[in-house]
S.K.: 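Dropping the structure in here first, questions after.
Chain letters run A, B, ... following the sequence lines, proteins first and then strands; every chain starts at 1.
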Amino acid sequence: MPELPEVETVRRGLTALVKEAIIEKVDLPYPKAVTSDLKAFQQEPVGRTIEAIERRGKYLLFRLSGNETIVSHLRMEGQYSVEPKGSTPHKHTEVIFTLKDDRVLFYNDTRRFGRMTLVKTGDEMTQVSGLKDLGPEPTEETLSLDYMKEIFKKSKRLIKPFLLDQSNIAGLGNIYTDEVLWQTRIHPETTTDKISSQKIRELRENIINEIARATKHHGTTVHSFSNVFGEVGKFQNELDVYGRAGLPCRRCETPLKKIKVAQRGTTFCPKCQKKK
DNA sequence: AGGCCTGTTTTGCT
DNA sequence: CAGCAAAACAGGCC
């Protein structure tokens, strides 16, 4: 389901609902969702307070009292829901946190791709692959132009898989990558070393703005995404290319084209986004 | 019915 | 090491 704006939307919802809640019990109807020691995952959180829910890239970090952290990645369709105690788990509920009030926190995942792991707070950066070499967050302060120019020059990869690679920049997925490439008029199969400094500058601005704008709209809902309140995002109405193959480009009216780039469906405007 | 598609990441092979 | 294909899985669509 989620790219950075969706994960951030989930984070804010969880913060509103379960920050300060105390975990009473952990059940694992689908143990494969947990990659760390199962016994510890069920025992350690018990009695601890959820002190904060943070986010890094597309990862959620539940900060528990006593220096324990649960790292959670939603992958394609992971979802959290908070329900009254005694609620029946869903068909795809994989983890159940019973809270020391009248509620439960469910982790549901139809696709069963999402993963959770328990680490000592501070160890996540060395222990969790993916977090280890995550690129900078796409914000004005953290994603510098110099850094962008450097990584673009160094690589000869196609821009599309390059932007999807979380070790370059954290948080972009298939939707927002297609959007920012269209905005910047870059063909998705352009190799990064051939993109001009000016284009890199524009792309950086577009990435930062797009992620911020999508977050403000509570993310994009195309398949199954909803926040913890069960609400869908609104940003799908703002998309220019994703999901619009065959429809006219909003700049030049040319029908948008859909191709595969590095195994990922990729929509772009064949006229505005010329390969150079 | 069978094949293909889907917002992701890791693994294993060149 | 870098880069790519396949795999992990379920469900919707044609």
S.K.: With a 4.0 Å cutoff (strictly under), does any side-chain N or O of A:Lys258 reach OP1 or OP2 of B:dT6?
M.R.: yes
S.K.: Give A:Phe235 one of three labels, base, sugar-phosphate or nothing, depending on what nucleic acid heavy atoms sit under 4.0 Å from its own.
M.R.: nothing
S.K.: Rounded to whole Å, how long is the line connecting atom CZ of A:Arg264 with atom C1' of C:dA6?
M.R.: 14 Å
S.K.: Once the angle between the rings of A:Phe235 and A:Tyr176 is folded into 0 to 90°, is it parallel (under 30°), tilted (30 to 60°) or perpendicular (over 60°)?
M.R.: tilted
S.K.: What nucleotide among B:dT9, C:dG11, B:dT6 has an atom nearest to a side-chain atom of A:Lys260?
M.R.: B:dT6
S.K.: Show, in sequence, the C-alpha distance, side-chain angles and deciding distance for A:Arg112 and A:Glu77, and conclude whether the salt bridge (Lys or Arg N to Asp or Glu O under 4.0 Å) test is met.
M.R.: CA-CA 8 Å; A:Arg112 299 203 185 285; A:Glu77 303 199 10; over 6 Å; no
S.K.: Test A:Ser65 against A:Glu51 for side-chain hydrogen bond (donor to acceptor under 3.5 Å, both in side chains), laying out the working first.
M.R.: CA-CA 6 Å; A:Ser65 55; A:Glu51 293 183 331; 4.7 Å; no
S.K.: Do any side-chain nitrogens or oxygens of A:Thr110 fall under 4.0 Å of OP1 or OP2 in C:dG11?
M.R.: no
S.K.: What does B:dC5 pair with, Watson-Crick or G-U, if both distances are under 3.5 Å?
M.R.: C:dG11
S.K.: Can you find a side chain N or O atom of A:Lys58 that sits less than 4.0 Å from OP1 or OP2 on B:dT8?
M.R.: yes
S.K.: What nucleic acid atoms does A:Gly114 come within less than 4.0 Å of, heavy atoms only: base, sugar-phosphate, or nothing?
M.R.: nothing
S.K.: Choosing from B:dT8, C:dG3, C:dC9, which nucleotide comes nearest the side chain of A:Tyr30?
M.R.: C:dC9
S.K.: Is A:Ser155 close enough to C:dG3 that one of its side-chain N or O atoms is under 4.0 Å from OP1 or OP2 there?
M.R.: yes
S.K.: To the side chain of A:His73, which of B:dT9, C:dG11, B:dT6 is closest?
M.R.: B:dT9
S.K.: Of A:Gly130 and A:Arg111, whose closest DNA chain B nucleotide lies nearer the 5' terminus?
M.R.: A:Arg111
S.K.: Could one point to a donor on the side chain of A:Arg112 or the base of C:dC9 with an acceptor on the other under 3.5 Å away?
M.R.: no
S.K.: Does OP1 or OP2 of B:dT8 have a side-chain N or O of A:Gln166 closer than 4.0 Å?
M.R.: no
S.K.: With a non-hydrogen cut-off below 4.0 angstrom, is A:Lys154 in contact with a base, only sugar-phosphate, or nothing?
M.R.: nothing
S.K.: From CG of A:Leu158 over to C1' of C:dA5, roughly how many Å is that when rounded to an integer?
M.R.: 14 Å
S.K.: Strictly distance-based, threshold 3.5 Å: is any side-chain N or O of A:Thr215 a donor or acceptor partner for the main-chain N or O of A:Ile211?
M.R.: yes
S.K.: May I ask you to check whether A:Phe106 and A:Phe97 place their ring centers less than 6.0 Å from one another?
M.R.: no
